[in-house]
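Working notes, beginning with the structure itself.
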Amino acid sequence: MSTTIKLIMGNVYTKVESADGVAINELTKDMSRRIPGFKHSNQFKNGLWDGSVKFLDKGYVLTGLTEVLIHYIDKHRYTYELVDNRIDPMTEVHPVNLKGGRGPREYQWDAIEAIITHKRGAVAASTNSGKTLIACGAIQATGVKTLFLTHRDELFTQTDESFEKDLGHPVGNIWGDNMDLDKHVTIAMVPTLARRLEHPTQSIKKLTDKLGTLMVKKSRMHKIMEAVEIEKAEKSILTTQKQLDNKKTTFNKDKMDWETLAKYLQSIEMVIIDESHHCIATSYEDILSLCEKAYYRIGLSGTPFEYEDETKTLKSIGLLGPTIFSIDNNTLIDKGVSSTPECEILYVNKPIVADDYNLAYKKGIILNPERNKLILGKCKEYVEKKLPTLIVINYEEHGEHLLNFLIKGGISPDDVKFISGNTKNRKHRAEYFQKFKAGKLPILIASLIVQEGVSMDSIGALIFALGGKSDIRVLQVIGRGLRQNKYGNIVKIIDFFDMTNKYLVDHSFSRWDTYQRGGFEKYFTWSGELPFDHYDPRMMTEVMMKYKANFESLKNL
């Protein structure tokens, strides 16, 4: 007699039942994946953990992974009974009549139709595809109560403005101290929502534990630390005690707010996540698990499943679902939606850096005078051509150093500014963004705050200065520059092939592989002979030796 597996589907989890414990154990193994680098974990070394994430755990699997589980059930020749307890809240397909004067393009209609048809999954749409308009179309077509999640202030503001313009009515918001829950559509900041979803009892416990730790730390300081350190510890204790007292005072109100918010989330019928490749974070999972009624679960991202870690891919699919629609940059360029990139790779051949990765990055990327001279040269060229230039970096130190380097190299201080996610004066940050967008600031150096969703339709040139190898980062930053502009709808894009250290070479090849997979290679020119069509780690020494004048320096790499 064959084993039967009963699958009871809900919007968040699918319950897995069977009288055959051996079968459940086999399926649990099938639905497990080891985390990269698990061997370095102390839990693994001490025999407390096998290094794997179990996606079928205690009889439950994330609903988006139900099809994956069925695959393994079929593989073992088990039979299954599927009970779908979910209820589609959409009673009919409603007319889409956006008020913003920009009706959906053909491919956007296709994306809206995919959402209506598949109910859950990822819309893989490149950065300039108009994902917000797709969301508005889906909201109107389904007519269901919707929560739209975003994770950055700038994204929140843009989405709020776009929604009210395209939908033609006010939307609620959960942001900072605001909690407007009486609208049919609500936009929420994930950090704000996650903070508010922490039960006040839990908050008090955390502060109590923190206070106890600080008190113990202070008592030990008397024996080993100077008075100034003790004074700092006492200030931390006073601050924490004040926070704890405030939490105790507002406990009843906070508890009511928590209950109101939890009840609200349980009424949501559709969740749409902007830049959904972030949904693997615990804060997203906590929010989605409370949206038990949300039949529609949609992710919007140019790179929804570009993870090197399979556990992250499976978690993302589990929370949302697989890709249900996709459109790439090449298609958008061919359709005239995106600007045409003119890309150039610049070689950086010196100085040779024979350090570990962190030092190599600092010497070969941040402080490298040869690399920065190339950036300076391109900036002067683009200032002369009146092409607003966005330089993307990764670290504060890099931005500050590059700003000073460009000014010392002859760029006027009025023509170049640096902003980052940690910019203390938000007014200045917004001011620099607006000046750059208006074409009044020739050069803007910006950290990764620009990589997701910030509307930058005034880019004439983009210099990808941060190096690294992240697929998502490369594609998101490139996407910033592909919005149509007033410079002939052509965007200059500069990247570097860093040949000064083995790690930097590896990352350069990784970025080039990303360009190839994204279909961008046809837009690139090289400042010399292309080393290889793809990267083979075994050829590292040959690559380095072929492009270095000082062969002796390679011995230390």
Side-chain angles (χ1 to χ4, degrees), residues 1-41 43-88 117-122 124 271 273 276-277 279-299 304-324:
M1 182 176 178
S2 64
T3 295
T4 298
I5 310 295
K6 187 175 183 179
L7 305 175
I8 306 172
M9 294 183 69
N11 288 316
V12 182
Y13 295 104
T14 293
K15 188 176 182 180
V16 183
E17 295 181 345
S18 176
D20 189 338
V22 174
I24 293 296
N25 288 337
E26 287 297 324
L27 292 173
T28 300
K29 291 178 183 178
D30 292 333
M31 294 294 291
S32 299
R33 298 292 187 277
R34 279 184 158 170
I35 295 176
F38 68 92
K39 292 182 179 179
H40 303 294
S41 165
Q43 285 186 309
F44 176 80
K45 291 177 180 178
N46 295 328
L48 302 175
W49 175 51
D50 67 356
S52 65
V53 175
K54 294 177 175 59
F55 289 98
L56 173 56
D57 189 29
K58 298 178 182 177
Y60 288 89
V61 64
L62 287 167
T63 293
L65 292 175
T66 303
E67 289 296 326
V68 177
L69 178 60
I70 289 174
H71 164 76
Y72 289 116
I73 291 173
D74 290 339
K75 183 179 178 181
H76 288 289
R77 300 183 183 276
Y78 303 148
T79 59
Y80 67 90
E81 175 190 356
L82 184 63
V83 180
D84 193 344
N85 286 337
R86 300 173 300 167
I87 299 174
D88 187 345
T117 301
H118 296 282
K119 319 300 182 184
R120 61 189 295 158
V271 180
I273 302 179
S276 61
H277 47 273
C279 76
I280 57 174
T282 302
S283 55
Y284 285 84
E285 185 175 7
D286 292 343
I287 294 166
L288 290 171
S289 65
L290 286 172
C291 299
E292 297 175 348
K293 194 178 176 182
Y295 185 71
Y296 291 84
R297 294 167 182 260
I298 303 300
F305 303 121
E306 291 285 344
Y307 307 112
E308 295 181 0
D309 180 354
E310 188 183 5
T311 64
K312 294 179 180 179
T313 300
L314 288 173
K315 183 177 180 180
S316 182
I317 293 173
L319 292 171
L320 299 173
T323 299
I324 58 176

- Item | Nearest atoms (heavy-atom pairs only) where G318 meets L65 | CA-CG, 3.6 Å
- Query: What's the spacing between I273 CD1 and I298 CD1 if we round to 0.5 Å?
  - Reply: 9.5 Å
- Item | T63 to G10 - nearest heavy-atom pair and separation | OG1-O, 2.7 Å
- Message: Between L62 and Y13, does the side chain to side chain contact (heavy atoms under 4.5 Å, CB included) criterion hold? Intermediate values first, please.
- Response: CA-CA 4 Å; L62 287 167; Y13 295 104; 3.5 Å; yes
- Task: Go through the structure and list residues passing side-chain hydrogen bond (donor to acceptor under 3.5 Å, both in side chains) with K15, not counting sequence neighbours.
- Result: E17
- Query: Do S18 side-chain atoms and T4 backbone N/O form a donor-acceptor pair below 3.5 Å?
  - Reply: yes
- Of all heavy-atom pairs between A23 and I5, which one has the smallest distance, and what is that distance? CB-CD1, 4.3 Å
- On a heavy-atom basis, the closest approach of G299 and L320 is CA-CD1, 3.8 Å
- Is the NZ atom of K312 crowded by more than 12 outside heavy atoms at less than 6.0 Å? no
Considering only distance and modelled atom types, tabulate donor-acceptor pairs under 3.5 Å from the side chains of residues 26-39, sequence neighbours left out.
residue, atom, partner, partner atom, Å
T28, OG1, I24, O, 2.8
D30, OD2, H76, NE2, 2.6
S32, OG, T28, O, 2.6
R33, NE, E310, OE1, 3.4
R33, NE, E310, OE2, 3.0
R33, NH1, D30, O, 2.7
R33, NH2, Y72, OH, 2.9
R34, NE, D50, O, 2.9
R34, NH2, D50, O, 3.1

- Sequence neighbours excluded, which residues qualify as side-chain hydrogen bond (donor to acceptor under 3.5 Å, both in side chains) partners of T66? T14
- Query: Do the side chain of R120 and the main chain of G321 share a donor and acceptor less than 3.5 angstrom apart?
  - Reply: no
Let me check something: any side-chain donor-acceptor pairs from residues 279-288 under 3.5 Å, sequence neighbours excluded? List them with distances.
residue, atom, partner, partner atom, Å
E285, OE1, K315, NZ, 3.0

- Should V16 and L69 count as side-chain neighbours, where that means a heavy-atom distance under 4.5 Å? yes
- Message: Restricting to non-hydrogen atoms, name the atom on T323 and the atom on P304 that form the minimum distance, rounded to 0.1 Å.
- Response: OG1-CG, 4.3 Å
- Does D57 have any side-chain hydrogen bond (donor to acceptor under 3.5 Å, both in side chains) partners at least two apart in sequence or in another chain, and if so, which? none
- Query: Hey, does K6 have a side-chain heavy atom less than 4.5 Å from the side chain of V83?
  - Reply: yes
- Query: Looking at residues at least two apart in the chain, or sitting in another chain, which of them share a side-chain hydrogen bond (donor to acceptor under 3.5 Å, both in side chains) with D309?
  - Reply: T311
- Task: Just grab all the salt bridge (Lys or Arg N to Asp or Glu O under 4.0 Å) pairs involving residues 59-83, residues at least two apart or on different chains.
- Result: none
- Could you note down all residue pairs passing salt bridge (Lys or Arg N to Asp or Glu O under 4.0 Å) where residues 288-298 supplies at least one of them, sequence neighbours left out? none
- Message: Let me confirm one number: the OG-CG distance from S289 to N11, rounded to the nearest 0.5 Å.
- Response: 12.5 Å
- Query: Is Y78 atom OH crowded by more than 12 heavy atoms from other residues, nucleotides or ligands, each under 6.0 Å away?
  - Reply: yes
- Query: Hey, does I70 have a side-chain heavy atom less than 4.5 Å from the side chain of L7?
  - Reply: yes
- Task: Applying side chain to side chain contact (heavy atoms under 4.5 Å, CB included), name anything that partners L48, two or more places apart in sequence or on another chain.
- Result: Q43, N46
- Query: With a 4.5 Å limit on heavy-atom distance, are the side chains of V271 and Y296 in contact?
  - Reply: no
